[in-house]
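Data block below; observations after.
A, B, ... follow the sequence lines: proteins, then strands. Residue 1 opens every chain.
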Protein chains: 2
Amino acid sequence: MSEGDRIDAIEEPPARQPTIYDVARVAGVSHQTVSRLLKGDQGIKPANRERVLQALETLDYRPNLTARSLATRRSHRVAVLTQELGQVGPGKVVQGAAEEARLHGFVLDIITLDVGDRSNVEQGIRTVNQQDVAGILALASTDGLRAAFDRADFRIPVLMGGEGDEATGGPPLQVSTVAIPELVDHLVALGHRDIVHIAGPKKWVAARNRAFAFSNALKHHGLRLTRTVYGDWSAASGYEAVRSLPARARFTAVCAANDQMALGAMLALQERGLGVPTDVSVTGIDDIPEAAYLVPPLTTVRMNSEEQGHVAFRNLLAQINGETPTPIMVEGRVILRKSTAPPALR
Amino acid sequence: MSEGDRIDAIEEPPARQPTIYDVARVAGVSHQTVSRLLKGDQGIKPANRERVLQALETLDYRPNLTARSLATRRSHRVAVLTQELGQVGPGKVVQGAAEEARLHGFVLDIITLDVGDRSNVEQGIRTVNQQDVAGILALASTDGLRAAFDRADFRIPVLMGGEGDEATGGPPLQVSTVAIPELVDHLVALGHRDIVHIAGPKKWVAARNRAFAFSNALKHHGLRLTRTVYGDWSAASGYEAVRSLPARARFTAVCAANDQMALGAMLALQERGLGVPTDVSVTGIDDIPEAAYLVPPLTTVRMNSEEQGHVAFRNLLAQINGETPTPIMVEGRVILRKSTAPPALR
DNA sequence: CGGTGGATTGTTACCGGTAACGAAATGGGC
DNA sequence: GCCCATTTCGTTACCGGTAACAATCCACCG
């Protein structure tokens, strides 16, 4: 045995991952047979299949994805363009997309950009162009980004945002704003008639969709938004939005297009001496984890951002594979908390 | 010319990215010369260099990173293990790391895991093991994860968390808790003597560090924490933490280990009839974007998470390249807002 | 029992780079 | 002008897979 050991020691190849050639040698077949089995081909004799499987097992073989990519000339990398990851929504969407990507053997190349800054956007696009990516997931769907993409003229599949443009009748919806009517029903049922909407930036598709959904839902009750103010999704902008309202403005509810703005709005309202919900009801959208613990806990719409990420990636993958993506609705759900109540009598 | 045109048209290769061979042909040199120039070698005659540069330009050459990876046998992929991305802190850290990664031609493979769930962690590690990654960035630094990593016995560089373990005298700090003493000074100067700490989970290195920093800072004033309660970083747990305090408990300040828990704590305090900051002062850590717009705006410590991500990746890269990483401090900064005030007289 | 055709399997080339080494060109000293 | 040490450049092999095609096997038929 000591002899054998010595030979083993000498023959011991440099520690390195086993390849299909190693597997083939051990199994006594050609590397191609191994490759075929790995690919899931059927035409392999049971005896051989068994031996290859065995060899795969004993060598603890793991495919070299780099080599595979090179040979197939297919990249398994997808660029994700997103706004600040520090935000809850985008963060969750990316998380969902990342999970889905890994499931399909892809990696995400995350590129965050400041959507407002045109040169920053161009820079991001240039970066993407230099990588070899199989597709692009643009999670921050704004007009500016769309325009930049049009200019860039990518040859690879691009999936813009998670939402179709309801307001302008764009491509089919992937993310539904279906819960917003429900939220409006709730407010109207409570007795609210004068509702202010704090919308996201006009250039954001999601902002337009949400604003559209609100005014549409109100229309069903024969009402309309008393006023729409525009923010930039941040708590700061929600705060400023309320402060920008004239002191004489009459309204009993404020519906913000996301929770952060709702949060800022609540602070501004309270600074103005208006109690939430006693004087004014406030609602958000997204249901960030903190929403339940704000003062008061916020009525909002849970958006299931993670699922959005999954869906978005799957759709992109379908495009990459030359299939036509099937638009899938991701439903929202109204979460009632204490920031909404019947308006004060007056 | 028309003859030439026709030939051109016929010879037109299938649309595909130019390779170094194409560049070499156009420049009239061997592909190796191109490769050398690309690598930054010096020994190339100016005339040739010029022609290659020219060819590179006209063909709009872009290196195929896959082929390069295969040839060099070096992966340019780094796995990032992180807690929920939906949280602000982790999200920003990942964002910073992603930026730094791209700068060095790397991509991040983001794997989110539930640190508390052991099987989930093992699963994540198995996933990593199947990929060929150059290194691992474990941003969620817990004892459980460390143990799992020890068991996994990776052959590749691993960078655990962004913080060294101050409390147990671990490896050198990369992220400083240096601002916490300042925060404590502030509270003590206001007159607070009875301070409750809502800590993160004991198994988190960051939680230990922060708790340690608080008690240490108090020691300098001859004081100690009146009480420490443990949460799980979530707003919900901050809320429960305060509710778990006995009704007769005497304290004038609550310092949470992050902003979310501070937020939950504020709600619970107010439900208990205690005003913030009139009866009890509250502080957080992280300075999430919402902190300034809570009711009341939260005094906290800004942690510069994005920079943390940059530093973490750079250090990992150093390890990958066989260098010894230099621990770099990322400093925090106290942000004073309205949630802290002198304690009520009694 | 030879022929035939589909099922299996093996051989060779290729993906687009880098590494190693040898060949050619250059330049300086005598 | 010749020789030799350096530069500079080109050739060939290789990374670990997949693709295309050729070769072999085998069962079944006439």
If the cut-off is 4.0 Å, is A:T72 near the phosphate of D:dT18, judged by side-chain N/O to OP1 or OP2? no
Expected output: side-chain B:S35 to main-chain B:H31 donor-acceptor under 3.5 Å: no
So for A:Y21 and D:dG16, does any side-chain atom that can act as donor or acceptor lie under 3.5 Å from a complementary atom in the base? no
Using side-chain heavy atoms (C-beta onward) and a distance below 4.5 Å, is B:R49 in contact with B:L37? yes
Residues passing the side-chain hydrogen bond (donor to acceptor under 3.5 Å, both in side chains) test with B:S305, sequence neighbours excluded, are none
Side chain proximity check, A:R77 to B:V107, heavy atoms < 4.5 angstrom: yes
Roughly how many Å is it from CG in B:N64 to C1' in D:dC15, rounded to a whole number? 13 Å
B:V94 and A:V94: side chain to side chain contact (heavy atoms under 4.5 Å, CB included), yes or no, with the steps? CA-CA 11 Å; B:V94 169; A:V94 169; over 6 Å; no
Is B:D22 paired with B:R25 through a side-chain N to carboxylate O contact shorter than 4.0 Å? yes
Could you give me the CA-CA distance, side-chain angles and deciding distance for A:N64 and A:Q17, then say whether side chain to side chain contact (heavy atoms under 4.5 Å, CB included) is met? CA-CA 9 Å; A:N64 180 322; A:Q17 291 287 334; over 6 Å; no
Nearest whole angstrom, please: distance from the C1' of D:dG17 to the CZ of A:R25. 16 Å
Could you tell me how far apart B:Q17 (CD) and C:dC14 (C1') are, to the nearest whole angstrom? 18 Å
Return the value, rounded to whole Å, for the distance between atom CG of B:L70 and atom C1' of C:dT18. 10 Å
Under 4.0 Å between a side-chain N or O of B:K39 and OP1 or OP2 of C:dA19? yes
Rounded to whole Å, the CG-P distance (A:L65 to D:dG17) equals 9 Å
Please report the distance, rounded to the nearest Å, between CZ in B:R74 and C1' in D:dG16. 18 Å
Interatomic distance, B:R68 CZ vs C:dA19 C1' [rounded to whole Å]: 14 Å
Could you go over nucleotides 8-11 of chain C and give all protein N or O partners under 3.5 Å, atom names and distances?
from   : atom 1 : to    : atom 2 : distance (Å)
C:dT9  : OP1    : A:N48 : ND2    : 2.3
C:dT9  : OP2    : A:K45 : N      : 3.2
C:dG10 : OP2    : A:S30 : N      : 2.8
C:dG10 : OP2    : A:S30 : OG     : 3.2
C:dG10 : OP2    : A:T33 : OG1    : 2.9
C:dG10 : N7     : A:R36 : NH2    : 2.8
C:dG10 : O6     : A:R36 : NH1    : 3.3

Mind calculating the distance between CD1 (A:I20) and C1' (D:dC14) to the nearest angstrom? 15 Å
